[in-house]
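Below you'll find the structure, written out as structure tokens, and then a few comments.
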Amino acid sequence: MSLPTHPPATKHLMKDVTAGLVVFLVALPLCLGIALASDAPLFSGLVAGIVGGIVVGALSGSHTSVSGPAAGLTAIVAGQIAHLGSFDTFLLAVVLAGAIQIVLGCVRAGFFAAFFPSSVISGLLAAIGIILILKQLPHLFGHDADPEGEMRFFQPDHETTFSEIALLFRGYGLHFGATIIGLTTLAVMILWEKVKFLKYSPVPGPLVVVLLGVGMVALFEELGVDWAVSPDHLVRVPEADDLDTFLGFFMFPDFSQWLNPAVYVAAITIAAVASLESLLNLEAVDKIDPERRTSPPHRELVAQGVGNMVSGMIGGIPVTSVVVRGSVNVMAGSRSKLSAILHGVFLLVCVALLPSWLNLIPLSALAAILLLTGYKLASPTVIRSMWVNGGWPRFLPFALTVVAIVLTDLLIGVAIGLAIAASFILWSSFRRPVHRIVEKRLSGEVVHIVLQNQVSFFNRAALARVLDEVPEGGHVLIDAADSDYIDPDVLELLREYERSTGPTRGVTVSMVGFRDRYSITDQTHYVDFSTRELQAALSPEQVLRVLMEGNQRFRSGRLLSRDFDHATNATAAGQHPLAVVLGCIDSRTPAELIFDVSVGDIFVSRIAGNVTSRKVIGSIEYACLVAGAKLVFVLGHTRCGAVTAAVDLASKGSSAAETIGCNHVDEVIEDIQDAIDPDIRERFATMSPQEKQEAVYTVTRKNVLRSVAMIRAMSPALEQLIQEGRVAVVGAMYDLSTRRIELLPDSASFGTETIENQNREFAENC
């Protein structure tokens, strides 16, 4: 016996290695730039990047997210360092912030991520893409005044994102050599994406671009001073001459400040903002994961908390999940979280052993990688799809989120986007807080009001308006079965309407589905099933209308809500059905559903091909003469298997016993075969599939008419009731495709004109 085989663990190893390498190249200048923008030591940004990759990457449940120092925290970090007076005191706040995040994860506070609308998350991704394009354009041309990783609109150098680009176009800070490198590497990146064999080659395009950039830097040095790229336009990693110097770069928290209240305020601030940003970015990166995997938010908070504690302990600034790194990771082909871990390993090894090599990488080459990433996140196709797939309610929150993030920062922009999305929800709730249906039940019309899942005080005025529209002397059913929360003000309105407002206007109020905590007892005051009084009051024509209206609801998908417990209990002692249906045994023709009736409303006799026999007619006689049913409804249907078999066997001159070995089926088949015209019997074998289907329909229809005639002929008692007008009989065809019932005028005891009018009326209504 062979053992089961499993895919090798290294199946996607190369993809993860190359993705980790690409993310490392992009993360390197971002770590340095964010530290610089935060007024923190440059090495602290590298520490955060290493911890975010190795520690958070190992603990996180995300397959795609990559953590590190976050641009969204630069203002907070800079402000807290200045407020606390020293960087080592700030590190203590980072450690405490990590502990708070662990607690948040343990109490499952990650549920907050479920409340981010998809339009806002899509806006976040598109905004990051636009910001990458706007922020990297200056770096592409060698204008490196604003540090890499600084993502705010209002920059620390008193410029804005747009004014920085304007300076570039006026020639300020433009570097010819860096520009040539940037444009060349961008062209190579685009080529790598467009040419199929390059795109799917094991060598990642970003690595080629970086190596090309390093080579061009070396070449320009040989060509002369004007072309040479100075260190200001290259990556700047702190270099150490020996191990002791390298270890000296690490800093440690000042635990003597543990009683300083300002440290705890800073820790709470960092924990809150870092947690929110991590959850937002986690949701955003999940959205672009090709495999559509979902990351556990509670576990992510714990992982981020551990990461921040470790980062703070060894001199790093705070870490969060970062959408830029995560996007690069996904687009570089990552398959698992191994790529995030490897990017941290690459950072550690290269920063410790190869800093001088890293300092040969031109920023303009890295800008080319980020520019293309930004374009993918904010391509015209993405923006167009938001409009096509959602209209204004989806596009407006998306667009305003994009604009707000670009013009402010990530958290403020997302808050504005959430406010816009919430306003659409509130406006929709104000306009249509309930679903209102006028239902025609056996006892008359009932206004059925279905409350939403969440009914807030914003819905009170609109709900009051809907209740005021219930006609005097009418009946209203307030249905809270789908509601998880109802505001106390709304509950008070409903109780007041039930106790006084409704009864004063002669409105009967039924209430169902309310949770026990609301202290509102379910009570149904309308009749939802056939009673002795209703049965006696309705004529056969009215019963037919009841059934046809039920079929109309079934066709439209608007079945009546029913209290089956109440109906079952009420009919347990006796039944007073309105009609008896002779239908086919076919599983696709359940009469109770087709006519949308309740327990106790109809008798149903089902037999293959809806044929008659003495036993079937005996059941119908009992239904009408003893139980008081007013209507006999013979229901055939399209594509009937029994009729098809009967026609097929008749054309071949064989029996069911001979053909399929069923010894008793022929008793049904022979009855149906009495309805087959000789012409169909002779030509059926040579007919086309379409002709056979039409022939079967013709025979089925004729079989229904035959069954109606036999019921009347074989039961003098029923015929007498029909002649007296106390009972009616009608035949019909049910279409399996359209779910429509067509009454057969030739079969009815009502008269041809009545049946044709009914067919016309219900066809127009549907």
**Item:** Within-4.5 Å side-chain heavy-atom neighbours: V322 and V66
**Value:** no

**Asked** Does P206 reach the side chain of V26, with side-chain heavy atoms less than 4.5 Å apart?
**Response** no

**Message:** With a 4.5 Å cut-off on side-chain heavy atoms, are Q101 and V302 touching?
**Reply:** no

**Prompt:** Are side-chain heavy atoms of R515 and D484 found at a separation under 4.5 Å?
**Reply:** yes

**Asked** For the residue pair R555 and R740, what are the closest heavy atoms and their distance?
**Response** NH1-CG, 3.3 Å

**Message:** Between the side chains of R460 and D489, is the shortest nitrogen-to-carboxylate-oxygen separation below 4.0 Å, so that they form an ion pair?
**Reply:** no

**Asked** Once you round to the nearest 0.5 Å, how far does CG of L463 lie from CG of L494?
**Response** 5.5 Å

**Request:** Please report the closest heavy-atom contact between T74 and A71, naming both atoms and the distance.
**Result:** OG1-O, 2.9 Å

**Request:** Report yes or no: do S119 and S122 form a side-chain donor-acceptor pair below 3.5 Å?
**Result:** no

**Item:** Check: K337 side chain, S60 main-chain N or O, donor-acceptor pair, under 3.5 Å
**Value:** yes

**Message:** Set out, in order, the CA-CA distance, both residues' side-chain angles and the distance that settles side chain to side chain contact (heavy atoms under 4.5 Å, CB included) for D479 and L451, then state yes or no.
**Reply:** CA-CA 6 Å; D479 185 351; L451 301 182; over 6 Å; no

**Message:** Apply side chain to side chain donor-acceptor pair (under 3.5 Å) to residues E300 and S278 and explain how you reach the verdict.
**Reply:** CA-CA 8 Å; E300 186 67 20; S278 289; 5.5 Å; no

**Inter-residue atom distance T185.OG1 - L366.CG, 0.5 Å rounding** = 8.5 Å

**Asked** In Å, rounded to the nearest 0.5 Å, how long is the span from CZ of R739 to CD of Q552?
**Response** 12.5 Å

**Request:** Answer with yes or no whether the side chains of K15 and S334 bring together a donor and an acceptor at under 3.5 Å.
**Result:** no

**Request:** Determine whether the side chains of S62 and S295 contain a donor N or O and an acceptor N or O closer than 3.5 Å.
**Result:** yes

**Asked** Which pair of non-hydrogen atoms, one from G182 and one from A368, has the smallest distance, and what is that distance?
**Response** O-CB, 4.1 Å

**Request:** Could you walk me through whether L104 and I100 pass side chain to side chain contact (heavy atoms under 4.5 Å, CB included), step by step?
**Result:** CA-CA 6 Å; L104 290 174; I100 294 172; 4.3 Å; yes

**Fill in**
Correct closest heavy-atom pair for G123 and T401 would be C-CG2, 3.9 Å

**Request:** Quick one: list whatever passes side-chain contact (heavy atoms from CB on, under 4.5 Å) with S364, sequence neighbours left out.
**Result:** A178, I181, P362

**Prompt:** side chain to side chain contact (heavy atoms under 4.5 Å, CB included) between V23 and L342: does it pass, once the steps are laid out?
**Reply:** CA-CA 9 Å; V23 177; L342 287 175; over 6 Å; no

**Prompt:** Do any N or O atoms from the side chain of W192 and from the backbone of L198 form a donor-acceptor pair under 3.5 angstrom?
**Reply:** yes

**Asked** Do any N or O atoms from the side chain of S483 and from the backbone of Y485 form a donor-acceptor pair under 3.5 angstrom?
**Response** no

**Request:** Evaluate the side-chain proximity of V285 to L125: yes if any heavy-atom separation is below 4.5 Å, no if none is.
**Result:** no

**Request:** Taking S311 for its side chain and G307 for its backbone only, find out whether a donor-acceptor pair lies under 3.5 Å.
**Result:** no

**Request:** Mind checking the CZ-CG spacing from F162 to L167? Nearest 0.5 Å is all I need.
**Result:** 14.0 Å

**Prompt:** Only one of T320, D409, I317 clears side chain to side chain contact (heavy atoms under 4.5 Å, CB included) with L73; which?
**Reply:** T320

**Item:** Interatomic distance, K135 atom NZ to E148 atom CD [nearest 0.5 angstrom]
**Value:** 10.5 Å

**Asked** Do we see a donor-acceptor contact under 3.5 Å between the side chains of T64 and D289?
**Response** no

**Request:** Over all heavy atoms of both residues, which pair between P318 and A48 is shortest? Give the atoms and the distance, please.
**Result:** O-CB, 4.4 Å

**Prompt:** Going by the angle between their ring planes, with limits at 30° and 60°, are F514 and Y518 parallel, tilted or perpendicular?
**Reply:** perpendicular

**Prompt:** For the atom pair CZ (R170) and OG (S163), what is the distance rounded to the nearest 0.5 Å?
**Reply:** 8.5 Å

**Request:** Could you check whether the rings of H143 and Y172 sit parallel, tilted or perpendicular, using 30° and 60° as the cut-offs?
**Result:** perpendicular

**Request:** Might you work through the salt bridge (Lys or Arg N to Asp or Glu O under 4.0 Å) test for R553 and D596, ending with a clear yes or no?
**Result:** CA-CA 7 Å; R553 293 192 299 272; D596 186 26; 2.6 Å; yes

**Request:** Examine distances only and state if a side-chain atom of T373 and a backbone atom of I369 form a donor-acceptor pair shorter than 3.5 Å.
**Result:** yes

**Message:** I want to check something: taking the side chain as every heavy atom from C-beta on, are L477 and V447 in contact at a cut-off of under 4.5 Å?
**Reply:** no

**Asked** Can D286 and R292 be said to form a salt bridge (Lys or Arg N to Asp or Glu O under 4.0 Å), step by step?
**Response** CA-CA 7 Å; D286 278 350; R292 295 295 185 265; over 6 Å; no

**Request:** Find out whether T18 and L207 are in side-chain contact, i.e. whether some heavy atom of one side chain is under 4.5 Å from a heavy atom of the other.
**Result:** no

**Message:** Going by side chain to side chain contact (heavy atoms under 4.5 Å, CB included), V306 matches just one of V51, L301, L59. Which one?
**Reply:** L59

**Message:** If we ignore hydrogens and angles and just use 3.5 Å, is the side chain of N281 paired with the main-chain N or O of E277 as donor and acceptor?
**Reply:** yes

**Request:** Considering non-hydrogen atoms only, spot the tightest contact between G142 and H233 and give its length.
**Result:** O-CE1, 2.8 Å

**Asked** When you look at H139 and L370, which way does the side chain to side chain contact (heavy atoms under 4.5 Å, CB included) test go after all the steps?
**Response** CA-CA 10 Å; H139 294 296; L370 290 171; over 6 Å; no

**Message:** Distance alone, cut at 3.5 Å: any donor-acceptor contact between the side chains of T269 and Q80?
**Reply:** no

**Request:** Could you tell me whether the side chain of P138 reaches within less than 4.5 Å of the side chain of D146, counting heavy atoms only?
**Result:** no

**Asked** Within a reach of under 6.0 Å around CZ of R108, are more than 12 heavy atoms found that belong to other residues, nucleotides or ligands?
**Response** no

